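Input: a single structure, listed below in structure tokens.
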Amino acid sequence: LQPAAPATPAVPPSPLKVSETPKAQQTLRIGYVDIARIGSESTLGKASSAKSREKQEKFQARILAKRKQLDKQKAAIEAKISTLTPQQREAKAREFQKKVEEFQKFGMNAEKELQALQEELTKALFAAIEQAATKYGKTNGLGLVIIKRELLYLDSGVDSQDVTEGLIKLMNEKGGKR
């Protein structure tokens, strides 16, 4: 048996005309940002750090005051422990233990509150960075703006630039207009 001949003859591909050649590869322009620098140099970053530090210092002062109060109560109990009956000793021990637990609970709640504040401030900072990066990228014809630490490899056909300073300026301008 012979294979059936195709119904239509195969048409060889036509060579590309000069006008149909692929365009020269465009250079990709990207910007990269140093987040730590923005956090330490931008107005919003500085304000966020100051607010977090202030809250932390307030909590530390309150914790220290409560600790001193507990130490005084412990010393007072120890001073008169020998004059107390076993039932009174047990009652004082329970009372003191309750105060220690309240102190620990206060410390944990303070830590949670501080962590929530830091997360809120970080979220706001990143939102501002994202807005500034979008505006800067569009204004300066960048195809991409990334975090510097995520830049592992860069091909020679890619034009990259550190845009941290530009973003800080944009963020500070926006912060000043509020």
Side-chain angles (χ1 to χ4, degrees), residues 25-78 93-178:
Q25 186 178 6
Q26 285 188 330
T27 302
L28 175 62
R29 296 187 65 223
I30 69 165
Y32 57 88
V33 185
D34 183 341
I35 296 290
R37 192 168 149 219
I38 289 177
S40 64
E41 294 180 20
S42 70
T43 304
L44 180 59
K46 289 176 186 177
S48 296
S49 292
K51 189 173 185 177
S52 178
R53 193 171 36 256
E54 179 185 330
K55 188 76 159 181
Q56 184 176 13
E57 288 170 358
K58 283 181 181 179
F59 279 137
Q60 285 176 337
R62 289 176 61 193
I63 287 171
L64 184 60
K66 287 181 180 289
R67 162 104 49 223
K68 285 181 180 180
Q69 188 179 17
L70 271 179
D71 289 343
K72 283 182 184 178
Q73 289 174 347
K74 182 180 177 184
I77 291 170
E78 288 173 345
R94 277 196 307 267
E95 181 183 324
F96 185 73
Q97 183 60 36
K98 185 176 180 183
K99 291 186 185 262
V100 169
E101 288 170 3
E102 288 172 1
F103 172 74
Q104 291 170 337
K105 188 175 182 180
F106 174 79
M108 288 189 300
N109 287 339
E111 189 175 323
K112 284 180 186 176
E113 189 176 327
L114 185 60
Q115 186 176 8
L117 174 67
Q118 288 172 335
E119 287 173 8
E120 178 186 319
L121 294 172
T122 300
K123 186 176 178 181
L125 180 62
F126 272 90
I129 291 170
E130 189 175 336
Q131 276 186 325
T134 299
K135 183 176 180 180
Y136 189 93
K138 286 180 180 179
T139 303
N140 292 285
L142 300 175
L144 185 67
V145 177
I146 62 169
I147 297 172
K148 183 178 180 178
R149 72 169 185 259
E150 296 184 11
L151 184 63
L152 298 177
Y153 167 74
L154 197 58
D155 187 79
S156 60
V158 178
D159 175 22
S160 68
Q161 57 183 308
D162 185 346
V163 298
T164 305
E165 190 67 35
L167 265 60
I168 291 171
K169 285 180 184 175
L170 276 176
M171 289 172 64
N172 289 348
E173 286 172 9
K174 184 175 182 181
K177 292 178 184 176
R178 284 184 184 167

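Since this is a predicted model, take the numbers as computed values, not measurements. Note that the numbering runs from 1 along the sequence shown for the chain.
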When you compare the side chain of Phe103 with that of Ile63, does any pair of heavy atoms fall below 4.5 Å? yes
Measure from the side-chain N and O atoms of Asp155 to the backbone N and O of Gly157, and report whether any donor-acceptor pair falls under 3.5 Å. yes
Mind listing the closest non-hydrogen atom pair of Ser52 and Gln118 along with its distance? OG-NE2, 3.0 Å
More than 12 heavy atoms from other groups under 6.0 Å of CZ on Phe106: yes
Can you tell if the side chain of Arg29 reaches within under 4.5 Å of the side chain of Gln161, non-hydrogen atoms only? yes
Are side-chain heavy atoms of Lys74 and Ile77 found at a separation under 4.5 Å? no
Flag yes if more than 12 heavy atoms outside Glu130 fall under 6.0 Å of its CD atom; otherwise flag no. no
Are Phe96 and Leu70 side-chain neighbours, meaning at least one heavy-atom pair lies under 4.5 Å? yes
Rounded at 0.5 Å granularity, tell me how far CD in Glu57 sits from CG in Leu64. 13.0 Å
Mind checking whether Glu119 and Lys123 have side chains closer than 4.5 Å, heavy atoms only? no
On a heavy-atom basis, the closest approach of Leu167 and Val33 is CD2-CG2, 3.7 Å
Show your working on side chain to side chain contact (heavy atoms under 4.5 Å, CB included) between Asp162 and Arg37 and close with a plain yes or no. CA-CA 12 Å; Asp162 185 346; Arg37 192 168 149 219; 4.3 Å; yes
Residue that, paired with Ile30, satisfies side chain to side chain contact (heavy atoms under 4.5 Å, CB included) out of Asp159, Leu142, Val158, Val163: Val158
For Leu154 and Ser160, which heavy atoms make the closest approach, and how far apart are they? CD2-OG, 2.9 Å
Mind checking the OG1-CG spacing from Thr43 to Asn172? Nearest 0.5 Å is all I need. 3.5 Å
Under 4.0 Å between a side-chain nitrogen and a carboxylate oxygen: does that hold for Lys105 and Glu101? no
Salt bridge check: are Lys55 and Glu113 linked by an N-O gap of less than 4.0 Å? yes
Less than 4.5 Å apart, any side-chain heavy atom of Lys174 and any of Leu44? no
For the CD1 atom of Ile147 and the CG atom of Asp34, what is their distance to the nearest 0.5 Å? 10.0 Å
Taking every non-hydrogen atom, the tightest pair across Lys46 and Glu41: CE-O, 3.4 Å
Working note: Glu173 + Lys169, criterion salt bridge (Lys or Arg N to Asp or Glu O under 4.0 Å); need CA distance, chi angles, decisive distance, verdict. CA-CA 6 Å; Glu173 286 172 9; Lys169 285 180 184 175; over 6 Å; no
Return the OG to CD distance between Ser49 and Gln56, rounded to the nearest 0.5 Å. 11.0 Å
How long is the gap from CD on Glu120 to CG on Leu125, to the nearest 0.5 Å? 12.5 Å
OH of Tyr136 to CG of Leu170: how many Å apart, nearest 0.5 Å? 8.0 Å
